[in-house]
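To start, the structure itself, in structure tokens.
Here the structure is a predicted model, which means the values were calculated and not measured. Remember, it's 1-based here, ligands and their atoms both numbered in the order they're listed.
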Amino acid sequence: MFKKILIANRGEIALRVIRTAREMGIKTVAVYSTADRDSLHVRFADEAVCIGPPPSKDSYLNMSRIIAAAEITNADAIHPGYGFLSENAKFSRICQEHNIKFIGALPEQIEAMGDKSTAKSTMIAAGVPVVPGTQGLITDVAEAKKEAKRIGYPVLLKATAGGGGKGMRDVWDEKDFEKAFEEGSQEAAAAFGNPGMYMEKLIQEPRHIEIQIAGDQYGTFCHMSERDCSIQRRHQKLLEETPSPFMTKALRKKMGEAAIKAAASVNYEGVGTVEFLVDKDRNFYFMEMNTRIQVEHTITEEVIDFDLVREQIKIAAGIPISGLNYEPTRHSIQCRINAEDPFHDFRPNPGKITSYHSPGGHGVRIDTHAYAGYVIPPNYDSMIGKLIVSAQTREEALAKMERALGEYVIEGIHTTIPFHLQLMQDKNFRAGIFTTKFLEDFELKKP
Ligand code: MV4
């Protein structure tokens, strides 16, 4: 087992990793930018190394400084958390070259899943269902138009370097095809330095349901239930829950098996997530695979009673997994608490938390780095915490979430708490009737 893990991240996820490492008897090293001097991850780690100024590119994304910090502290592994370098193939490779175990995917696995069009071809070969569309990239617009006619409008043009919907364009009529293609491709080139585009049939009113999986170094895999992440706003998830209200036992088994096929096709090692779109008839289609621990991993931990970070560390250390698949035994919901003003277009709102009181009681979990007096720096993600509740049924979990949100006091900044409180009142949400379009039509009432 590792003796010392460096955590190449900040905020709640850095704390999350430190907690499990301590339980496993593993020492921790925090790295931090000058903006994060007073952060809890710095205080809770056994050692801390300042790696640079506030901009991410000079600190949390600076590979040579992070490797240097690992070398001077004698860390034998690096946990990248989510975001930052967590899905960076080059960083995974550099860790390998320095004999430091990257607690995440191997470079080849990250590369295989990073390019969406390539990933899709890999899935077709592996027998994982994908949305009908072009095989590979669009090189000839006239050809692509013929193809669009064959699969039938509406179609969706996607950037192969994609993520966050950048470069994506839906096309409802042949006359709009060329313009959408040019615009999408230009947007992708500007955002990712890669103009490559491919095309799919547009799935209307889909749900976003993802499957948590794990694979070890010996080719054993398991699936660990699903998460419904349909409640998103401009590709930012705000609430996740498991089980999905749309799930059936039969569908879970089918999607779990497909997720394992997807992971096995790239010899995946570690914990990962396979994202699917699910249509109204419960057809499901591979969307992408995330080769990292995700923000929403917590709800899975609650319903299968399992520490996913511990599993990540064990797999990286070469310990085999059992290969048993998991069924949820409870219902869990996570609300993301962001320093944003929901009444002004979710505008980020960094600053000082003047007072802080967090909810508690049975079935309530809070993963956060926030405290009274903490100053949220403007340089990073606006998520300051996650409120997770678990109960025997969805009804009980909803009631508990509403109660916990009501107890949560964060003063000095605006947060997404009022948004979540209103969401809990929504009739369709309460009934489990929602798709990825839900928040487009959701009307927030001014207080
Ligand atoms: C789609 C789709 C409909 N049809 N693909 C959004 C981000 C990206 N990685 C894939 N996305 C979508 N792909 C087809 N063929 C709708 C979306 C989509 C979406 C997916 C999941 C969660 C929220 C979403 C919001 C808008 C669009």
Under a 4.0 angstrom heavy-atom cut-off, which atoms of ligand 1 come close to Lys201?
4 (N), 14 (C), 15 (N)
Can you name the atoms of ligand 1, numbered from 1 with element, that are less than 4.0 Å from a heavy atom of Glu200?
5 (N), 14 (C), 15 (N)
Kindly indicate whether a cation-pi arrangement holds for Arg394 with Phe429, taking the cut-offs as under 6.0 Å to the six-membered ring centre and within 45° of the axis.
yes
Short N-O contact, Glu147 and Arg150, less than 4.0 angstrom
yes
Note: Glu288-Lys158 ion pair, threshold 4.0 Å (strictly below)
no
Just go through Val130, Leu156, Val131 and tell me whose heavy atom is the nearest to atom 1 (C) of ligand 1.
Leu156
Identify the closest protein heavy atom to [atom]: which residue and atom is it, and at what distance?
| atom | answer |
| --- | --- |
| atom 6 (C) of ligand 1 | His235 CE1, 3.5 Å |
| atom 5 (N) of ligand 1 | Lys158 NZ, 2.9 Å |
| atom 23 (C) of ligand 1 | Gln232 OE1, 3.3 Å |
| atom 3 (C) of ligand 1 | Ile203 O, 3.3 Å |
| atom 24 (C) of ligand 1 | Thr436 CB, 3.8 Å |
| atom 9 (N) of ligand 1 | Glu288 OE1, 2.8 Å |
| atom 20 (C) of ligand 1 | Leu277 CD2, 3.8 Å |
| atom 17 (C) of ligand 1 | Met168 CE, 4.1 Å |

Answer yes if the side chains of Glu340 and Thr416 hold a donor-acceptor pair under 3.5 Å, and no otherwise.
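Judged by distance alone, the side chains do not pair up.
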For a quick check under 3.5 Å, do Thr273 and Arg227 share a side-chain donor-acceptor pair by atom type?
yes
Looking only at heavy atoms, is any part of Leu202 under 4.0 Å from ligand 1, and if so is it the side chain, the backbone, or both, or is it neither?
both
For ligand 1, which is the ligand I care about here, please tell me if His208 has any N or O atom under 3.5 Å from one of the ligand's N or O atoms.
no
Is Tyr380 reaching over with its side chain to a backbone N or O of Pro54, donor-acceptor style, under 3.5 angstrom?
yes
Taking Ser225 for its side chain and Glu327 for its backbone only, find out whether a donor-acceptor pair lies under 3.5 Å.
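No; zero donor-acceptor contacts below 3.5 Å.
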Taking the six-membered ring for Trp, are the ring centroids of Tyr32 and His41 within less than 6.0 Å of each other?
no
Hey, does Val271 have a side-chain heavy atom less than 4.5 Å from the side chain of Met224?
no
